[in-house]
Structure formats: structure tokens, C-alpha cells
Amino acid sequence: PRISPRTAPQRAPDRPSPRRAPPGPAAAPAAAPAPRQAASRVVSAAPSPAAQRPPVNPATSDQVRISKLITERGLASRREADDWIAAGWVRVGGKLAELGQRIAPDAAIDIDPRARQEQARQVTVLLNKPIGIVSGQAEDGHEPAITLVTLANRWDGDASGIQFHPGHLRHLAPAGRLDIDSTGLLVFTQDGRVAKRLIGDQTRVEKEYLVRVASVKEGGKDVPFPDELMQKLRHGITLDGVLLRPAAVSWQNEEQLRIVLREGRKRQIRRMCDLVGLQVLGLKRVRIGSVPLGPLPLGQWRYLRDDERF
């Protein structure tokens with residue numbers, strides 16, 4: 001007997017096997033492991049910086065720098081606040097504040113009244129400049145004179161009554177110049193009105209100098225300085241194509257002249273003396289306007305007093 005009608009059911013299991021092969025490659029995009037592996041690398045390669053920080057103290061998390069708080073309250077700029085703190089003019093809870101200190105946003109801050117008074121003041125400083133110090137910016141390895149204006153260099157005899165603090169050094173600029181080889185009175189100021197009065201083109205403020213010169217010799221012997229050259233020194237010299245204003249010139253002794261100018265050209269006195277045959281050995285400025293150098297020691301400084309005017 002033929003059993004061909006039943007052969008189909010026996011081959012049926014063989015047909016599904018080829019049909020299962022295609023799903024095999026479709027499921028094979030076992031690309032799923034790759035994304036999971038990449039994600040794990042990203043997390044482990046870049047740990048959060050916050051995880052490395054110590055835990056935040058809840059008691060201080062909302063505190064802010066005291067200088068920032070002073071600024072936010074409209075009491076001063078951030079730099080002014082730092083100056084006040086450094087000067088000991090800020091207290092928190094009755095205790096002196098410290099630079100960088102953090103406090104609660106609602107903390108009570110006490111400001112010394114002197115802070116407002118001193119910050120509002122535009123100061124002027126008088127320095128007895130030594131030889132070898134330049135008036136303005138540092139040059140050729142020589143220190144600028146402003147480096148001498150420190151608390152340690154302040155003259156003990158300063159009678160201005162002004163208390164020094166770092167804010168006085170801000171925008172403090174020389175009002176005029178004094179040669180590196182010269183010594184004496186040099187003015188620094190924060191007040192533009194003072195600067196204009198002393199160094200403007202139209203200034204008429206007197207500047208007095210003591211000038212030590214080599215004796216005039218003729219045939220190896222000292223001889224009097226000719227009167228006609230003295231008159232020329234007083235008025236008649238031209239520098240840089242400009243006739244100089246009249247100057248007061250007189251002998252203090254055989255080797256020292258007193259010269260009073262109402263202008264200030266570069267190395268003016270040295271050039272004037274050179275044109276009349278005088279060799280300058282030393283030069284010292286002893287007065288500007290009505291403000292004298294006085295007993296101010298060499299290399300030290302003081303404040304201009306309220307009762308002093310140039």
C-alpha cells in the first residue's frame with residue numbers, strides 16, 4: 001500500500017528550519033550590547049567633580065563674602081570694601097572682619113565713619129626723592145619713586161592727621177618730574193586739580209632749586225662768573241626753539257646757585273647751566289609754590305596738610 005499522502009506531514013518539520021534561519025540574522029544585530037557598553041564607559045570615564053568635593057556644610061552653604069555683601073548693599077565698590085576691611089574699619093558681630101570672610105546674607109555689618117571720610121578724600125603726597133630713583137615709570141632698572149610711598153616710609157613728623165590706607169595709592173600719580181640725578185621735593189596726587197596747577201602748560205607756580213656747580217676757572221684759577229652770563233641765565237636762553245620765561249637766579253655761596261623757575265622743561269636747569277659754561281654737580285628742589293621741602297628726610301614722605309596750598 002502507498003503511504004504518499006502521509007509523507008507531507010513528515011517533511012513539514014524540515015520546512016520550518018529554513019524559515020527560522022532568516023530571523024537568526026535579524027536577531028543577530030546583537031548591537032544591543034555595544035550601546036550598553038559605550039554608555040558604561042561614558043559614566044565611568046568622567047566622574048562628576050562634585051563627587052570629589054567634600055560634603056557642603058549646611059550651616060555655611062548660603063553664606064557670601066563680606067566684600068560682596070557690602071557691595072550689594074550699595075555701601076562701596078568691591079575694591080573699596082577690601083580696602084576698608086584691610087584698614088580695620090569693618091566689623092561683623094562686634095569682631096573685626098577679615099579679607100575673604102564669609103557671612104550670612106542678613107548679617108549686621110558695622111562700618112567705621114572714617115571709612116567714608118578717608119575714601120572720599122583725594123590725597124596729595126610730598127616725597128623727598130633720592131638720587132637714582134625715577135619720577136615716573138621704572139626705566140633702565142631704576143625703581144620708580146612711587147615705590148617709596150609705603151606705610152613704613154612715612155615720616156614720623158607728618159602732622160596732617162590723615163590715616164594711611166591702601167586706597168590712597170590708587171591713581172596716585174606724579175605731578176611733575178625730577179631728574180634721576182636730582183633730589184628733593186616730588187609731588188604725587190590723586191587730585192586732578194592739583195596736577196593741572198603744577199604741570200599744565202599755563203602753570204605759573206614757582207619751583208625753587210639749590211644748584212651746586214663747579215667753580216669757574218681760567219688758567220687754572222678760580223674766577224668770578226661773568227655778569228653778562230648771569231643775566232643771560234636769568235633771561236635770554238632758548239631751549240627747543242622756545243625762549244624761556246624769566247628766572248630768579250642768585251649766588252648762595254661760591255659754589256651754589258639758587259634758581260626759581262615758573263616752568264618745567266626736561267632737564268631745564270642742567271641745560272641752562274651748560275649753555276653758560278657752568279657744570280652742575282648737584283641739584284635739589286626745595287620748594288613748590290608755597291610748600292617747602294622743610295625737614296622731610298631723604299627717601300621719606302608725608303601728606304599735604306589741609307592748610308597747605310601750592
Verify same cluster id: [X], [Y] (apolar side-chain graph, 4.5 Å):
{"X": "Tyr209", "Y": "Val276", "value": "yes"}
{"X": "Leu281", "Y": "Ile269", "value": "no"}
{"X": "Val125", "Y": "Leu151", "value": "yes"}
{"X": "Trp89", "Y": "Ile85", "value": "yes"}
{"X": "Leu275", "Y": "Leu278", "value": "yes"}

Please say whether more than 12 non-hydrogen atoms of neighbouring residues, nucleotides or ligands are located less than 6.0 Å from [atom1] in [X].
{"X": "His235", "atom1": "NE2", "answer": "yes"}
{"X": "Gln231", "atom1": "CD", "answer": "yes"}
{"X": "Gln137", "atom1": "CD", "answer": "no"}
{"X": "Arg193", "atom1": "CZ", "answer": "no"}

Test item: [X] and [Y] side chains (from C-beta on) under 4.5 Å apart, heavy atoms:
{"X": "Leu69", "Y": "Ile103", "result": "yes"}
{"X": "Arg271", "Y": "Asp240", "result": "yes"}
{"X": "Phe310", "Y": "Leu304", "result": "yes"}
{"X": "Thr203", "Y": "Glu263", "result": "no"}
{"X": "Leu244", "Y": "Gln268", "result": "yes"}
{"X": "Gln300", "Y": "Arg154", "result": "no"}
{"X": "Leu283", "Y": "Asp181", "result": "no"}
{"X": "Leu210", "Y": "Gln256", "result": "yes"}

From [X] atom [atom1] to [Y] atom [atom2], the distance as rounded to the nearest 0.5 Å:
{"X": "Asp227", "Y": "Lys232", "atom1": "CG", "atom2": "NZ", "result": "15.0 Å"}
{"X": "Ile288", "Y": "Leu261", "atom1": "CD1", "atom2": "CG", "result": "11.5 Å"}
{"X": "Trp301", "Y": "Phe164", "atom1": "CH2", "atom2": "CZ", "result": "5.5 Å"}
{"X": "Arg305", "Y": "Ile162", "atom1": "CZ", "atom2": "CD1", "result": "10.5 Å"}
{"X": "Leu298", "Y": "Lys284", "atom1": "CG", "atom2": "NZ", "result": "8.0 Å"}
{"X": "Ile66", "Y": "Ile109", "atom1": "CD1", "atom2": "CD1", "result": "4.5 Å"}

**Asked** Checking side chain to side chain contact (heavy atoms under 4.5 Å, CB included) for the pair Lys266/Arg177: CA distance, chi angles, key distance, verdict?
**Response** CA-CA 8 Å; Lys266 187 175 182 180; Arg177 55 178 171 260; 3.9 Å; yes
**Prompt:** Testing Leu185, Leu186, Thr183 for side chain to side chain contact (heavy atoms under 4.5 Å, CB included) with Asn128, which one passes?
**Reply:** Thr183
Exercise: identify the closest heavy-atom pair between [X] and [Y]:
{"X": "Ala97", "Y": "Val92", "value": "CB-CG2, 4.4 Å"}
{"X": "Val149", "Y": "Leu169", "value": "O-CD2, 3.5 Å"}
{"X": "Ser67", "Y": "Arg78", "value": "OG-CD, 3.3 Å"}
{"X": "Ala195", "Y": "Ala175", "value": "CA-CB, 4.1 Å"}
{"X": "Ala145", "Y": "Phe188", "value": "CB-CZ, 3.7 Å"}
{"X": "Leu243", "Y": "Ile237", "value": "CD1-O, 3.5 Å"}

**Item:** Working for side chain to side chain contact (heavy atoms under 4.5 Å, CB included), residues Val90 and Asp112
**Value:** CA-CA 6 Å; Val90 180; Asp112 192 305; over 6 Å; no
Using modelled atom types and a 3.5 Å cut-off, is there a donor and acceptor pairing between side-chain atoms of [X] and backbone atoms of [Y]?
{"X": "Arg102", "Y": "Gln63", "value": "yes"}
{"X": "Arg287", "Y": "Gly289", "value": "yes"}
{"X": "Arg262", "Y": "Val205", "value": "no"}
{"X": "Gln190", "Y": "His168", "value": "yes"}

**Asked** Should Val280 and Asp274 be marked as a side chain to side chain contact (heavy atoms under 4.5 Å, CB included) after you check the CA-CA gap, both sets of side-chain angles, and the distance that decides it?
**Response** CA-CA 8 Å; Val280 174; Asp274 184 63; over 6 Å; no
**Request:** Apply the test side chain to side chain contact (heavy atoms under 4.5 Å, CB included) to residues Leu257 and Leu233: give CA-CA distance (whole Å), side-chain angles for both, the deciding distance (0.1 Å), then the verdict.
**Result:** CA-CA 11 Å; Leu257 286 167; Leu233 199 56; 4.2 Å; yes
Test: [X] and [Y] ion pair at under 4.0 Å:
{"X": "Arg258", "Y": "Glu208", "answer": "yes"}
{"X": "Glu72", "Y": "Lys68", "answer": "yes"}
{"X": "Glu255", "Y": "Arg212", "answer": "no"}

Are side-chain N/O atoms of [X] and [Y] paired as donor and acceptor at under 3.5 Å?
{"X": "Ser182", "Y": "Arg270", "answer": "yes"}
{"X": "Ser160", "Y": "Asp158", "answer": "yes"}
{"X": "Arg114", "Y": "Gln163", "answer": "yes"}

**Request:** Might you work through the ring-ring contact (aromatic ring centres under 6.0 Å, His included) test for His165 and Trp84, ending with a clear yes or no?
**Result:** CA-CA 8 Å; His165 72 86; Trp84 290 359; 8.9 Å; no
